[in-house]
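Only one structure is covered here, and it is reproduced in the block below.
Below, read A as the first sequence line, B as the second, and so on, with proteins coming before strands; counting in each chain starts at 1. Worth knowing before you read on, the calculation uses all heavy atoms, side chains too, and leaves out hydrogens, waters and symmetry mates.
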Amino acid sequence: ETGVTQTPRHLVMGMTNKKSLKCEQHLGHNAMYWYKQSAKKPLELMFVYSLEERVENNSVPSRFSPECPNSSHLFLHLHTLQPEDSALYLCASSQIQGVYGYTFGSGTRLTVV
Amino acid sequence: AQKVTQAQTEISVVEKEDVTLDCVYETRDTTYYLFWYKQPPSGELVFLIRRNSFDEQNEISGRYSWNFQKSTSSFNFTITASQVVDSAVYFCALSLLMDTGRRALTFGSGTRLQVQP
């Protein structure tokens with residue numbers, strides 16, 4: 001596979017559930033990102049990992065917990081979410097600095113009930 | 001403030017019309033990078049173009065063209081002879097230098113383009 005792959009594509013979870021979103025890139029990039037896209041807000045940067053080290057947090061609530069075990073994989077662990085967390089979660093990757101832009105996955109459409 | 005503004009929330013045109021999507025940015029950086037992305041209904045953001053702050057040449061790629069003007073801090077995108085397949089949300093983005101010394105993309109709110117047959 002090439003590009004950035006996100007799984008699952010769709011996820012419905014209750015507020016007491018624990019779930020994880022997965023992102024995988026095969027582009028040889030060394031930085032990965034989580035963005036949140038909700039209906040009423042522009043794309044919001046959640047987390048940045050560069051060389052597997054988290055460098056940006058952007059004040060995301062602790063119910064979102066990222067994990068980057070290596071430069072090709074990125075996870076977003078979810079627990080005790082709220083209905084307002086329902087959104088499209090996009091993963092992206094780039095070379096460090098992102099000067100040449102990002103490559104995005106197709107996203108996970110999350111619905112919290 | 002460093003940000004990207006796309007004032008047009010939604011545009012509807014009829015096929016074969018030309019359409020221009022506006023993008024205005026603010027940054028204190030002297031070196032920066034601007035991008036346009038297309039988001040079709042499938043959700044994935046597709047890269048269209050990158051421009052650095054030192055290159056003000058306009059660019060044309062098929063039916064797409066971009067007009068970068070530093071004097072007005074604008075990076076507008078024109079689609080000539082629009083087609084139904086151009087229907088999507090288009091995002092303008094700016095690569096900003098964060099306090100950590102790293103760059104990250106900040107996006108405008110997007111413009112939804114609907115091309116009617």
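- Two different hydrophobic clusters hold A:L88 and A:F47 under the rule that ILVMFWY side chains link at heavy-atom gaps under 4.5 Å.
- Pairs passing the salt bridge (Lys or Arg N to Asp or Glu O under 4.0 Å) check and including a residue from residues 67-86 of chain A, sequence neighbours excluded, read A:R63-A:D85.
- Considering all non-hydrogen atoms of both residues, A:L90 and B:G43 come closest at CD2-O, 3.8 Å.
- Placement of B:I79 and B:V46 in two distinct hydrophobic clusters is found when ILVMFWY residues are connected by side-chain heavy-atom separations under 4.5 Å, directly or transitively.
- Taken together through direct or relayed side-chain contacts under 4.5 Å among Ile, Leu, Val, Met, Phe, Trp and Tyr, A:F75 and A:F104 form parts of separate hydrophobic clusters.
- Among A:G101, A:A31, A:A92, A:G107, the residue with the largest count of heavy-atom pairs under 4.5 Å with chain B is A:G101.
- Taking every heavy atom of both residues into account, B:G108 and A:P42 meet most closely at O-CB, 3.8 Å.
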Starting from the C-alpha separation in whole Å, work towards a yes-or-no answer on side chain to side chain contact (heavy atoms under 4.5 Å, CB included) for A:L43 and B:L105. CA-CA 10 Å; A:L43 282 155; B:L105 282 186; over 6 Å; no

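- By the neighbour-count criterion of 12 heavy atoms within 6.0 Å, atom CD1 of B:I60 is sparsely surrounded, having that number or fewer from other residues, nucleotides or ligands.
- Tracing side-chain contacts under 4.5 Å through hydrophobic residues (I, L, V, M, F, W, Y), one never reaches A:L45 starting from A:L76; they form parts of separate clusters.
- In terms of hydrophobic clustering, with Ile, Leu, Val, Met, Phe, Trp and Tyr side chains grouped at heavy-atom distances under 4.5 Å, B:F107 and B:V24 are assigned to different clusters.
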Could you list each N or O donor-acceptor pair linking chain A to chain B at a distance under 3.5 Å?
| from | atom 1 | to | atom 2 | distance (Å) |
| --- | --- | --- | --- | --- |
| A:R9 | NH2 | B:S42 | O | 3.0 |
| A:Y35 | OH | B:L105 | O | 2.6 |
| A:Q37 | OE1 | B:Q39 | NE2 | 2.8 |
| A:Q37 | NE2 | B:Q39 | OE1 | 2.9 |
| A:S50 | OG | B:R102 | NH1 | 3.3 |
| A:E56 | OE2 | B:T100 | OG1 | 2.8 |
| A:V99 | O | B:R50 | NE | 2.7 |
| A:Y102 | N | B:Y37 | OH | 2.8 |
| A:Y102 | O | B:Y37 | OH | 2.8 |
| A:Y102 | OH | B:L105 | N | 2.9 |
| A:S106 | OG | B:E44 | OE1 | 3.4 |

